[in-house]
Amino acid sequence: MAPTEAAPLEAAPTEVGRDFIRDIVQADLDAGRTQTVVTRFPPEPNGFLHLGHAKSICLNFGIASEFGGACHLRFDDTNPTREEQLFIDSIQRDVRWLGFDWGEHLHYASDYFEQLYAWAEHLIRAGNAYVDDTPPEAMRAQRGTLTEPGQNSPFRYRSVDENLDLFRRMRSGEFPNGARVLRAKIDMASGNMNLRDPVLYRILHAHHPRTGDAWSIYPTYDFAHGQSDAIEHVTHSVCTLEFEDHRPLYDWLIEHLPVPSRPRQYEFARLNVSYTVLSKRHLTRLVTDKHVTGWDDPRMPTIAGIRRRGVPAAALREFVGRVGVARAYSTVDVAMLDSAIRDTLNPIAPRRMAVLRPLKLIIENYPEGTTETLEARNHPDNPDAGVRSVTFGRELYVEQDDFMENPPKKFYRLSPGKEVRLRYGYFVTCRSVEKGPSGAVVALRCTYDPASKGGNAPDGRKVQATLHWVAAADTVPAEIRLYSHLFNRPDPGADGDALADLNPDSLEVLSGCLVEPALLDAPVGEAVQFERTGYFALDPDSQPGRPVFNRTVALRDTWAKVQAGTNR
RNA sequence: UGGGGGAUAGUUUAGCGGUAAAACUCCCGGCUCUGACCCGGGCAUCCUUGGUUCGAAUCCAGGUCCCCCAGCCA
């Protein structure tokens with residue numbers, strides 16, 4: 001039977017049930033509760049975006065594109081005392097780099113200040129909000145505790161007219177910071193602290209990056225967020241778990257205001273990653289206290305730092321996809337990130353040779369004063385990547401780690417009497433070593449087998465190891481920066497101050513590295529594989545003829561594990 | 001007896017009454033002109049105690065542990 005017409009008329013089966021939020025969206029669509037899905041990514045522009053934001057960005061923009069909807073980028077700029085244009089710019093750059101497009105939908109909560117203000121008056125008129133003159137400390141005392149109900153403010157029963165008058169005067173700038181606030185009149189005895197007459201507006205004589213000095217009062221997050229969602233017709237307002245307690249307030253405001261749409265808030269567990277921190281507070285401190293060189297320090301878990309390290313956006317998306325979305329508190333092993341980076345880079349990264357810690361190798365039977373050109377593949381599995389020329393000669397450099405004078409049993413690499421292959425080159429055998437005054441090996445004296453040119457011996461004999469190398473006659477000096485975990489424990493700060501857990505060795509700068517000349521053409525930020533070592537990307541700090549490379553991620557190193565095991 | 005959430009391998013996640021699935025890590029082995037990649041194999045008292053059921057990670061009841069909330073931050 002040839003079921004020629006069996007192809008379903010429906011488009012490819014929608015990928016349903018990938019996580020509980022997508023389940024909800026699908027169900028809303030199926031039930032007709034939602035016509036077009038609208039999500040939003042709502043950062044406050046007070047810092048750089050990090051891995052945690054990447055999860056939220058992929059979720060919100062991902063849902064929008066999977067369900068044929070839209071995702072807005074909205075700046076939650078309701079607190080001018082901590083927000084800067086620098087962050088607004090960096091956030092847009094990072095979201096774009098991650099591969100997402102908000103189209104026409106670049107919004108700011110500050111765009112809605114006038115509307116929000118009108119709604120505040122609406123609440124006052126309905127007797128649902130009041131101006132409170134209680135000083136902050138007294139207000140805190142009146143709020144009660146987790147186990148005791150709060151006390152009503154003495155200002156709670158002001159007349160609508162008085163409230164309106166005072167609120168307008170707050171707006172006009174008549175009162176100093178902190179003199180009064182506008183509060184929702186809900187329930188001072190609620191078990192949910194957010195419902196104990198939450199503050200909706202506060203007086204802030206501060207210059208706003210976008211509205212300048214037009215306002216002397218600013219809405220709080222709670223008063224701005226849900227209403228902004230409603231104005232933009234956001235259908236699914238996805239945020240992290242710590243806002244769960246705010247949902248009843250979110251809903252209360254939506255229900256008491258004449259908003260144009262009915263958004264719903266859903267929460268998921270925020271991302272935590274081992275050996276790093278993802279709180280703005282900590283990241284800001286790392287930058288301001290100069291524990292790192294900046295927000296884009298390659299050790300930082302920021303998008304900018306990760307990008308500078310050489311990680312492609314696709315790797316971040318892959319990582320986020322592997323991590324999943326759920327409501328359970330969790331900390332992802334940073335090894336999962338590394339794995340996603342390697343898996344993304346392996347099929348596409350061009351191969352090059354670079355010697356990080358050079359050790360001279362002299363081929364005694366190679367004709368002096370001559371060199372030759374060999375062909376090296378740019379990718380082992382992809383012939384389309386082509387080949388390049390590398391220079392071979394009598395004097396070469398190999399990796400110090402690739403030689404041991406007294407090797408342990410499982411050491412495959414070079415040692416006196418041992419034969420190995422130089423990648424794309426010849427078989428060489430170590431005959432003797434030269435030592436410096438301190439007794440350290442400074443050069444290896446070897447012989448080569450001219451018949452093994454290209455990497456294979458005609459007699460079919462095998463070698464256990466293939467080493468990368470660089471020719472003394474044709475090499476470029478480079479600086480290479482090796483990065484490791486910023487913190488030296490998987491849960492920084494678990495015992496107190498996270499900064500006390502900083503890893504003092506998170507950056508190792510290698511200055512005497514030698515790389516093949518083809519690397520001079522490497523584009524900034526795009527990782528290449530240094531064979532047998534790892535993925536590296538050119539850093540903007542590079543000078544002409546003096547490249548600087550960042551290690552994006554190391555290759556898996558089974559030998560290092562074996563060694564670590566035997567040393568124990 | 002404040003309110004709100006969460007517990008599935010070392011780590012994330014799937015499972016939605018039919019006898020635990022995937023990725024990462026780790027261990028063993030194979031392959032290899034990268035000790036990479038790749039390919040085999042291994043690694044789970046489903047927090048706990050009871051109950052319902054022919055059958056429970058899934059349903060019910062009671063415990064335990066963990067997280068969030070007392071900003072005029074978001």
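Model, not experiment: these values are computed from the prediction. Chain letters run A, B, ... following the sequence lines, proteins first and then strands; every chain starts at 1.
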Whole-Å distance, A:Glu516 CD to B:U34 C1', equals 14 Å
To the nearest Å, how far apart are A:Asp245 CG and B:G4 P? 9 Å
Protein-proximity profile, nucleotides 6-13 of chain B, B/S/- by nucleotide at the 4.0 Å heavy-atom cutoff, equals S----BSS
Aromatic plane relationship, A:His107 with A:Tyr112 - under 30° parallel, 30 to 60° tilted, over 60° perpendicular: tilted
Answer for the Watson-Crick or wobble partner of B:G50, both distances under 3.5 Å, is B:C60
Charged N to carboxylate O below 4.0 Å: is that the case for A:Arg264 and A:Asp28? no
Give me, pair by pair, the N or O atoms of the protein and of nucleotides 71-74 of chain B that are less than 3.5 Å apart, along with how far apart they are.
| residue | atom | partner | partner atom | Å |
| --- | --- | --- | --- | --- |
| B:G71 | OP2 | A:Arg143 | NH2 | 3.3 |
| B:C72 | OP1 | A:Arg143 | NH2 | 3.1 |
| B:C72 | OP2 | A:Arg143 | NH1 | 3.4 |
| B:C72 | N3 | A:Gly178 | O | 3.3 |
| B:C72 | N4 | A:Thr134 | O | 3.2 |
| B:C72 | N4 | A:Gly178 | O | 3.0 |
| B:C73 | OP2 | A:Arg202 | NE | 3.0 |
| B:C73 | OP2 | A:Arg202 | NH2 | 2.9 |
| B:C73 | O3' | A:Arg202 | NH2 | 3.1 |
| B:C73 | O2' | A:Asn79 | ND2 | 3.2 |
| B:C73 | O2' | A:Arg82 | NE | 3.2 |
| B:A74 | OP1 | A:Thr78 | OG1 | 2.7 |
| B:A74 | OP1 | A:Arg202 | NH1 | 3.3 |
| B:A74 | OP1 | A:Arg202 | NH2 | 2.8 |
| B:A74 | OP2 | A:Tyr221 | N | 2.8 |
| B:A74 | N6 | A:His246 | NE2 | 3.1 |

Whether the A:Ser228 and A:Arg40 side chains hold a donor-acceptor pair (N or O, under 3.5 Å, no angle test) is what I'd like checked. no
Do nucleotides 36-48 of chain B as a string where each nucleotide becomes B, S or -: B if the base has a protein heavy atom under 4.0 Å, S if just the sugar-phosphate does, - if no protein is that close. SS-----------
Please measure how far the P atom in B:G41 lies from the corresponding atom in B:A9, and state the result in whole Å. 23 Å
What is the distance, rounded to the nearest whole Å, between atom NZ of A:Lys410 and atom C1' of B:C28? 11 Å
Classify the side-chain pair A:His72/A:Glu232 by whether it contains a donor and acceptor separated by less than 3.5 Å. yes
When the distance from CG of A:Asp338 to P of B:C26 is rounded to whole Å, what number comes out? 11 Å
Could you tell me how far apart A:Asp187 (CG) and B:G4 (P) are, to the nearest whole angstrom? 13 Å
What's the gap between B:C54 and B:C69 when it is taken at their C1' atoms, as a whole Å value? 46 Å
Salt bridge check, A:Glu419 against A:Arg461: does any charged N sit closer than 4.0 Å to a carboxylate O? yes
Applying the 3.5 Å cut-off to both distances, the Watson-Crick or G-U partner of B:A14 turns out to be none
For the P atoms, the ones on B:U49 and on B:U58, what distance do you get once it is rounded to whole angstrom? 12 Å
Could A:Arg171 and A:Trp215 be counted as a cation-pi pair, given that NZ or CZ must be under 6.0 Å from the ring centre and within 45° of the axis? yes
Roughly how many Å apart are B:U8 and B:A57, using the P atom of each and rounding to a whole number? 15 Å
Determine which nucleotide pairs with B:U19, using a 3.5 Å limit on both distances of a Watson-Crick or G-U wobble pair. none
Classify the ring geometry between A:His485 and A:Tyr275 as parallel (under 30°), tilted (30 to 60°) or perpendicular (over 60°). parallel
Once you round it to whole Å, what is the distance between C1' of B:U34 and CG of A:Asn382? 16 Å
Test of understanding: with side chain to side chain donor-acceptor pair (under 3.5 Å), list the residues that count as partners of A:Arg327, not counting sequence neighbours. A:Glu244, A:Glu267
Have a look at A:Lys280 and say if it touches a base, only the backbone sugar-phosphate, or nothing, with a 4.0 Å heavy-atom cut-off. nothing
Can a salt bridge be assigned to the pair A:Arg158 and A:Asp133 using a cut-off of 4.0 Å between side-chain N and carboxylate O? yes
Assign each of A:Ala189 and A:Thr533 to its nearest nucleotide of RNA chain B by heavy atoms, then name whichever residue's nucleotide is nearer the 5' end. A:Ala189
Tell me the ring pair (Phe, Tyr, Trp, His ring centres under 6.0 Å) pairs involving residues 170-203 of chain A, sequence neighbours left out? A:Phe167-A:Tyr201, A:Tyr201-A:Phe223
What interatomic distance, in whole Å, is found between P of B:G4 and the corresponding atom of B:G42? 45 Å
Regarding A:Tyr130 and A:Asp197, do their side chains bring together a donor and an acceptor under 3.5 Å, going by distance alone? yes
note: A:Arg270, atom CZ; B:G5, atom C1'; distance rounded to Å ~ 15 Å
Looking at B:G35, which nucleotide sits across from it as a Watson-Crick or G-U wobble partner, both distances under 3.5 angstrom, or is there none? none
Side-chain touch A:Leu422/A:Val398, heavy atoms, less than 4.5 angstrom: yes
Does a side chain donor of either A:Asn60 or A:Ser56 reach within less than 3.5 Å of an acceptor in the other side chain? yes
Heavy atoms only, 4.0 Å cut-off, all strands: where does A:Thr145 land among base, sugar-phosphate and nothing? base
Taking 4.0 Å as the cut-off, does a side-chain nitrogen or oxygen of A:Lys561 come that near to OP1 or OP2 on B:G35? no
With a 3.5 angstrom cut-off on both distances, give the Watson-Crick or G-U wobble partner of B:C65, or none if there isn't one. B:G6
Taking B:C69, B:C24, B:G35 as options, the one with an atom nearest any side-chain atom of A:Ser339 is B:C24
Take atom P in B:U48 and the same atom in B:C65, then report the distance between them in whole Å. 15 Å
Need the pair for B:A70. Rule: Watson-Crick or G-U wobble, both distances under 3.5 Å, any strand; none if unpaired. none
For atom C1', what is the distance between B:G29 and B:C43, given to the nearest Å? 16 Å
Hey, does A:Asn46 reach any base, or is it just sugar-phosphate, or nothing, if we go heavy atoms under 4.0 Å? nothing
Atom CD of residue position A:Gln151 - does it have more than 12 heavy atoms of other residues, nucleotides or ligands inside 6.0 Å? no
A:Phe411 near the nucleic acid: base, sugar-phosphate alone, or nothing, with a heavy-atom cut-off under 4.0 Å? base
Looking at B:G4, does its base get a donor-acceptor pair with the side chain of A:Asn192 below 3.5 Å? no
When syn is taken as a glycosidic angle within 90 degrees of 0, is B:G62 syn or anti? anti
Under a 4.0 Å N-O cut-off, is there an ion pair linking A:Arg74 with A:Asp111? no
Same-atom distance (P) from B:U45 to B:A36, integer angstrom: 31 Å
For RNA chain B, which residues of residues 383-392 of chain A approach it to below 4.0 angstrom with any heavy atom? none
A:Glu531 CD to B:G35 C1', in whole Å, measures 14 Å
Have A:Thr220 and A:Asp222 got a donor and an acceptor in their side chains that come within less than 3.5 Å? no
Are A:Arg413 and A:Glu399 within salt-bridge range, i.e. N to O under 4.0 Å? no
